[in-house]
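Not measured: the values here are computed from a predicted model.
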Amino acid sequence: MGKKTVLLVALLLLIGLSAWFFYIDYPEEPALAGELTTAELSWEDRSRSYLLYTPSRVAPRPPLVLVFHASAGDTAQARLLYGYRFEELAEEHGFLVAYPQGFEKHFNGCRRNGPYAANQLQVDDVGFMRALTARLVAENGVDPAAVFATGVSNGGQMALRLA
């Protein structure tokens, strides 16, 4: 067996093992009784979008959970990567779940010099979250003292910045 053949076999084996190691069995979207809506909010002369999950039974003055996607992500990716678990929990406990979309797929989180437009343009994502929360307080009766945030990667940085 030649050197090139051994290298090719080793490379194919490595690719195969990597595919197996990194394979994630994503769950199917559950059939839940609540409603998922897409909405927009104008902020800083930009149209900003978000998904809102409203459970079938909403608690009085419901809490709100803001769920942020990762870098280069979007709201659909966040729902999938979290396994739709926030929506299942919302059904159990009656809170609302909002998935804000980052500006050009990023949030202006805690990085001082991020290489993406949200950071370089100093997009006011904190103001956007405040405006979004105010809208949900006014339209859905959200308890302003019970607003929570979570995220991973760039979304985690956004949650940290809000804290």
What are the two closest heavy atoms between [X] and [Y], and how far apart are they?
{"X": "Gly151", "Y": "Ala159", "result": "N-CB, 4.3 Å"}
{"X": "Gly109", "Y": "Asn154", "result": "N-ND2, 4.4 Å"}
{"X": "His106", "Y": "Ala72", "result": "NE2-N, 3.4 Å"}
{"X": "Leu132", "Y": "Pro100", "result": "CD2-CG, 4.0 Å"}
{"X": "Phe107", "Y": "Gly155", "result": "CD1-CA, 4.3 Å"}
{"X": "Ala70", "Y": "Ser153", "result": "CB-CB, 3.9 Å"}

Determine, using the 4.5 Å side-chain heavy-atom cutoff (strictly less than), whether [X] and [Y] are members of one ILVMFWY cluster.
{"X": "Leu64", "Y": "Val126", "answer": "yes"}
{"X": "Val147", "Y": "Tyr50", "answer": "yes"}
{"X": "Leu136", "Y": "Leu36", "answer": "no"}
{"X": "Val142", "Y": "Phe68", "answer": "yes"}
{"X": "Leu52", "Y": "Leu80", "answer": "no"}

Problem set entry | Reported CZ-to-CG distance for the pair Phe128 and Leu41, which is rounded to 0.5 angstrom |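 Rounded to the nearest 0.5 Å, the CZ-CG separation comes to 5.5 Å.
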Problem set entry | Spacing of OG1 belonging to Thr150 relative to CE belonging to Met158, to within rounding of 0.5 Å |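 Atom-to-atom, Thr150:OG1 and Met158:CE are 13.0 Å apart.
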[X]-[Y] side chain donor-acceptor pair, cut-off 3.5 Å:
{"X": "Tyr99", "Y": "Asp74", "answer": "no"}
{"X": "Asn108", "Y": "Asp125", "answer": "no"}
{"X": "Ser49", "Y": "Glu40", "answer": "no"}

For this session: With sequence neighbours excluded, give me every side-chain hydrogen bond (donor to acceptor under 3.5 Å, both in side chains) pair touching residues 53-67.
Result: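 side-chain hydrogen bond (donor to acceptor under 3.5 Å, both in side chains) check on residues 53-67 returns Tyr53-Glu91, Ser56-Glu91, Arg61-Asp143.
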Exercise. Under the side-chain hydrogen bond (donor to acceptor under 3.5 Å, both in side chains) rule, what pairs show up with a residue in residues 27-39, not counting sequence neighbours?
Worked result: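 The answer is Glu29-Arg79.
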Problem set entry | Remaining members of hydrophobic cluster (4.5 Å side-chain criterion), Leu160 |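 Its cluster partners, ordered by chain and number, are none at all.
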For this session: Please confirm whether the backbone N or O of Gly114 pairs with a side-chain atom of Asn119, one donor and one acceptor, at under 3.5 Å?
Result: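 Side chain of Asn119 to backbone of Gly114, a donor-acceptor pair under 3.5 Å: yes, one is there.
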For this session: Report yes or no: does Gln101 contribute a side-chain atom to a donor-acceptor pair with the main-chain N or O of Thr75 at less than 3.5 Å?
Result: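 Checking the backbone N and O of Thr75 against the side chain of Gln101, a donor-acceptor pair under 3.5 Å is found.
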For this session: Check the pair Leu96, Asn140 against side-chain contact (heavy atoms from CB on, under 4.5 Å), reporting the backbone distance first and the verdict last.
Result: CA-CA 9 Å; Leu96 302 182; Asn140 299 81; 3.6 Å; yes
Exercise. So Phe95 and His93, would you call those rings parallel, tilted or perpendicular, with 30° and 60° as cut-offs?
Worked result: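 Rings of Phe95 and His93: parallel, under 30°.
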Is any side-chain heavy atom of [Y] closer than 4.5 Å to one of [X]?
{"X": "Val152", "Y": "Leu81", "answer": "no"}
{"X": "Gln157", "Y": "Leu162", "answer": "no"}
{"X": "Pro30", "Y": "Glu88", "answer": "yes"}

Problem set entry | salt bridge (Lys or Arg N to Asp or Glu O under 4.0 Å) between Arg46 and Glu104, intermediate numbers included | CA-CA 11 Å; Arg46 295 180 178 101; Glu104 296 184 7; over 6 Å; no
Problem set entry | Stepwise side-chain contact (heavy atoms from CB on, under 4.5 Å) check, Asp124 with Phe103 | CA-CA 10 Å; Asp124 183 10; Phe103 177 73; over 6 Å; no
For this session: Test Val67 against Tyr82 for side-chain contact (heavy atoms from CB on, under 4.5 Å), laying out the working first.
Result: CA-CA 9 Å; Val67 181; Tyr82 288 113; 3.3 Å; yes
For this session: Go through the steps for Tyr84 and Leu32 under the test side-chain contact (heavy atoms from CB on, under 4.5 Å), then give the verdict.
Result: CA-CA 10 Å; Tyr84 308 100; Leu32 298 174; 5.7 Å; no
